[in-house]
Peer 1: 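Quick one: this structure, given as structure tokens, is what I'll be asking you about.
Quick caveat, the model's predicted, so the values are computed rather than measured. Below, chain A is the first sequence line, B the second, and so on; all start at residue 1.
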Amino acid sequence: MDITKALQLRKKYIQRQFAHLNDMQQQAVFTINGPLLILAGAGSGKTSVLINRISNMVRFADSFNSPYFPDDVREDTLQRLEAAVSGGTKLDFDQEREISTGEIRPYNILAITFTNKAAAELRARLAASLGKRALDIMASTFHSLCVRILRVEGERLGYAKAFTIYDSDDQKRIMREIMKDLNIDDKFIQLKTALNRISGYKDKLISPSEAEKYAANTHERLIVSCYGEYQKRLKAANALDFDDLIYQTVKLFRENSDVLEKYRNRYKYIMVDEYQDTSTAQFRLIDLLSSGHGNLCVVGDDDQSIYRFRGATIENILSFEEQYPKAKVIRLEQNYRSTANILSAANSVIENNKGRKGKTLWTSVKGGEKVKIFHLSREGEEGANVVSVIGENVRKGAKLSDHAVLYRMNMQSSNIENALARSGIPYRVIGGHRFYERSEIKDIMSYINIVVNPTDNLRLKRIINVPARKIGASTINTLQELADAKGVSMIDILYNMYEYPVLSRALTPLNNFLQIYKKLLELYRNSPMEDFVPNLINITGYRRMLEEQGDEGMTRLENIGQLVSNIQAFKDANEGATLEMFLEEVSLISDIDNYDADADSVTLMTIHSAKGLEFPYVFIVGMEEGIFPGEMSRYSQEDMEEERRLCYVGITRAKKELYISHCDERMIFGQTRRPLPSRFIDEMDSRACRLIDKRPQVKKVEPLSRATVVRPARPMPQSSFAAARRPKAAGGRKKTFARGDRVVHDVFGTGIVVNATPIANDTMLEIAFDSVGTKKVMANFAPVKKAD
DNA sequence: TATCGTAGTGTTTTT
DNA sequence: CACTACGATA
């Protein structure tokens, strides 16, 4: 056998498997040992690189760079290889294994992503390209990885296996109690500040006792004492918050070298996506895990670091090469997503930042539509503008799901929602009120929690009197004090309530609750998980409570129904699923994880949630000083740069067209303001943009630019100003429709009015469209007119 | 103890 | 403006 020829053949074969990638991407795929930093610009195909890199590891290990052939390679293997190379075909799994060095097992690969959704997508795509071998690859988020580890090893730190994960709402409840108990005025220290500081300490791996040393003033010392107390209470409840998951895992590894060794041996090849958004604690975690073998590949884009407020430190990516002097750096700057105009708008904005590695996206595709910048007079027109542009695009053949409306803060969605709703256009809002944060859902989840983890006093307190059982605040306090004094849980006190004279007055209601609790325990132990909630709402009287609440209660009941079907779906999707697993899943998921791109509707979300997604048509609304960039970021260079990165993320979500809008006048926090257009608009390369003045004025004013803008001398008195600018319905006068009218709608085409109901100053039309069925729209607002 | 009303408050982004 | 927390009353 001619070994040189064999090596060449093998190299050629492997190269061919990844020939669809560009040179830089291939380099990333073939660099699998040692520290590697992939600086991947937006839309540079980094997910595809990640998948191909793993695919290369699993299929060929380091064969591409290896000068050796496996010892036992057979002659017919070589012949097949030769045939495959010359014929351009692919070998099957077993045949590929014969030419592979084969030392990397899927089991040894750990890929960490930012959201569960990204992890799920990664798993799905790996399964598509690797089949069953993909199952052993660990693809998860930092948080779920840590939960996994802590469930197994947590006892070393004194946590029982069934620990609860506290969300921000739970954190607030605990903190409120602490501040009350420590007699801290919540005006001197705000709840949110205290929790933020604690989170900051944990992100930086600072324990309460260490924090004491840093505390410079009374204010800070008080916060630190809250921190200590907070940790004590969480531990007592056998609970961890989000930050603890990371912090305690690092602690676990630092204090138990045998445990660390075990996981180092398991995860020999580590990849971290969205590296620019990792915190100090997260860095420490992967540094510990990778420091035996050094096979750490991080992928990120310093220009897309947008989670500083949450403890992410851009330093991690900026100083990767210092942390790992042997690191290889690969830059992916070719963009496969957006048009040249969109890219040049993005590039010209981000250039204004100083703290960056510097990188310029480029595309081989020329031109494209210019970025459209709409100048509107009032925020009410923003929605109308979105509707009209969507209408145009739909008539050209685009789908509703090709559109996304992005904004800085969640509260901005309501304008757009109104407009879409009144036009009958289906939409989905991601974020905002989340399903699992609804009070009825949290109640039910709390019931499940106290059954799974009886030491969870916080959750017990949430539901012990919901529905009302005559167990008042004073009784609950007494229970808590008894539990604290004895060092047991409140449930334990309940079981022995007759021993405590202080409880004598409340014995009947308490006993009622205990009986309910016992029934729930039995239900939990003896019936299938999907039956738990339906029975629970009967046993606890929760259903009756809601039924007595009328309409509102019915909606809540429907939400609980949704929860039940979520549990069923979870059971169907996961073999051997338990309620504990469901609780865990829920405590780690976010809204974006449920985003379903297939439904034909417009997507509304914050730019933060849009990270990692792409849409053919993107709107960014509210591009005004004070909103984007936000008021808070005005005085700090660092905050301003983060806003700019956020803007960059927003722009680069768009594939074909980007629409930006700003208004002269906007009602915000109950006040009418007249904001200037965002500085980011000025920063955009004007050659890539087109300014469109949509203000209903006769004389056109030169588009505003920073140099020429003069603040309106005296805003007119609100009322008359607003009245003067009341938007007119398209066509100028009030539109009247009657049943049987044939109409045409910008988005849905032609149809017949089957019902017209006057509502306030408007008319709700029910229209049977020729192609999309019946929809309800508001006559004066929706883009409809009589067809003839 | 429960409910209603009022006053005050805070307004970024979230695993 | 919208939501929450707290206090007064039944």
Peer 1: Rounding to the closest angstrom, what is the interatomic distance between C:dA5 and B:dT12 at atom C1'?
Peer 2: 23 Å

Peer 1: Over all strands shown, is A:Gly630 touching base, sugar-phosphate only, or nothing at heavy-atom distances under 4.0 angstrom?
Peer 2: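 A:Gly630: no heavy atom of the nucleic acid under 4.0 Å.
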
Peer 1: For DNA chain B, whose closest nucleotide is more 5', that of A:Ala473 or that of A:Asn196?
Peer 2: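 Its nucleotide being nearer the 5' end, the pick is A:Ala473.
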
Peer 1: Inspect the surroundings of CD in A:Glu631 and state if more than 12 heavy atoms from other residues, nucleotides or ligands are less than 6.0 Å away.
Peer 2: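 Correct, the count exceeds 12.
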
Peer 1: Does A:Arg308 reach a base, just sugar-phosphate, or nothing at all? Heavy atoms under 4.0 Å.
Peer 2: nothing

Peer 1: Can a salt bridge be assigned to the pair A:Arg284 and A:Asp287 using a cut-off of 4.0 Å between side-chain N and carboxylate O?
Peer 2: yes

Peer 1: For A:Lys235, does the NZ atom have more than 12 heavy-atom neighbours from other residues, nucleotides or ligands under 6.0 Å away?
Peer 2: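 Enclosed.
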
Peer 1: Atom CD of A:Gln171 and atom P of B:dT15: how far apart are they, to the nearest Å?
Peer 2: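 Taking atom P of B:dT15 as the reference, CD of A:Gln171 is at 13 Å.
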
Peer 1: Which part of the nucleic acid does A:Thr113 contact within heavy-atom distance under 4.0 Å: base, sugar-phosphate only, or nothing?
Peer 2: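 Touches nothing.
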
Peer 1: Whole angstroms only, please: what is the CD1-P distance between A:Ile430 and B:dT14?
Peer 2: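 In whole Å, B:dT14 P and A:Ile430 CD1 are 11 Å from each other.
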
Peer 1: Knowing that exactly one of A:Gln412, A:Glu382, A:Glu379 qualifies, which makes a side-chain hydrogen bond (donor to acceptor under 3.5 Å, both in side chains) with A:Arg666?
Peer 2: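 Among A:Gln412, A:Glu382, A:Glu379, the one that satisfies the side-chain hydrogen bond (donor to acceptor under 3.5 Å, both in side chains) with A:Arg666 is A:Glu382.
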
Peer 1: What string of B, S and - do you get for nucleotides 8-13 of chain B, 5' to 3', when a contact is any protein heavy atom under 4.0 Å?
Peer 2: --SBBB

Peer 1: Backbone N or O of A:Asn415 within a donor-acceptor pair of the A:Asn418 side chain at under 3.5 Å?
Peer 2: no

Peer 1: For A:Asp277, report the nucleic acid contact type (base, sugar-phosphate, nothing); a contact means any heavy atom under 4.0 Å.
Peer 2: nothing

Peer 1: Could you tell me from which nucleotide to which nucleotide of DNA chain C, 5' to 3', there is an atom under 4.0 Å from chain A heavy atoms?
Peer 2: C:dC1 to C:dA5

Peer 1: Applying the salt bridge (Lys or Arg N to Asp or Glu O under 4.0 Å) criterion to A:Asp277, which one of A:Arg645, A:Arg308, A:Lys611 satisfies it?
Peer 2: A:Lys611

Peer 1: Quick check: do A:Ser207 and A:Gln231 have side-chain heavy atoms less than 4.5 Å from each other?
Peer 2: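 A side-chain contact is absent here, since even the closest heavy-atom pair is not under 4.5 Å.
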
Peer 1: If you look at every strand shown and take non-hydrogen atoms under 4.0 Å, does A:Phe114 touch a base, only sugar-phosphate, or nothing?
Peer 2: sugar-phosphate

Peer 1: Would you say that more than 12 heavy atoms from the other residues, nucleotides or ligands in this model lie under 6.0 Å from the CZ of A:Arg505, or not?
Peer 2: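 Atom CZ in A:Arg505 is not crowded, with 12 or fewer foreign heavy atoms closer than 6.0 Å.
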
Peer 1: So A:Ile174 and A:Leu458, do their side chains get closer than 4.5 Å, heavy atoms only?
Peer 2: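 With C-beta onward as the side chain, the pair touches.
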
Peer 1: Distance check needed: B:dT15 P versus A:Leu195 CG, whole Å only.
Peer 2: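 The distance from CG of A:Leu195 to P of B:dT15 comes to 17 Å, rounded to the nearest Å.
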
Peer 1: Quick one: A:Lys172 NZ to B:dT14 P, roughly how many Å, whole number?
Peer 2: 13 Å

Peer 1: Can you tell me how far P of B:dT1 sits from CG of A:Leu510, to the nearest Å?
Peer 2: 10 Å

Peer 1: Specify the separation, in whole Å, of atom CD1 of A:Ile246 and atom P of B:dT14.
Peer 2: 18 Å

Peer 1: How many Å lie between CG on A:Asp169 and P on B:dT14, as a whole number?
Peer 2: 16 Å

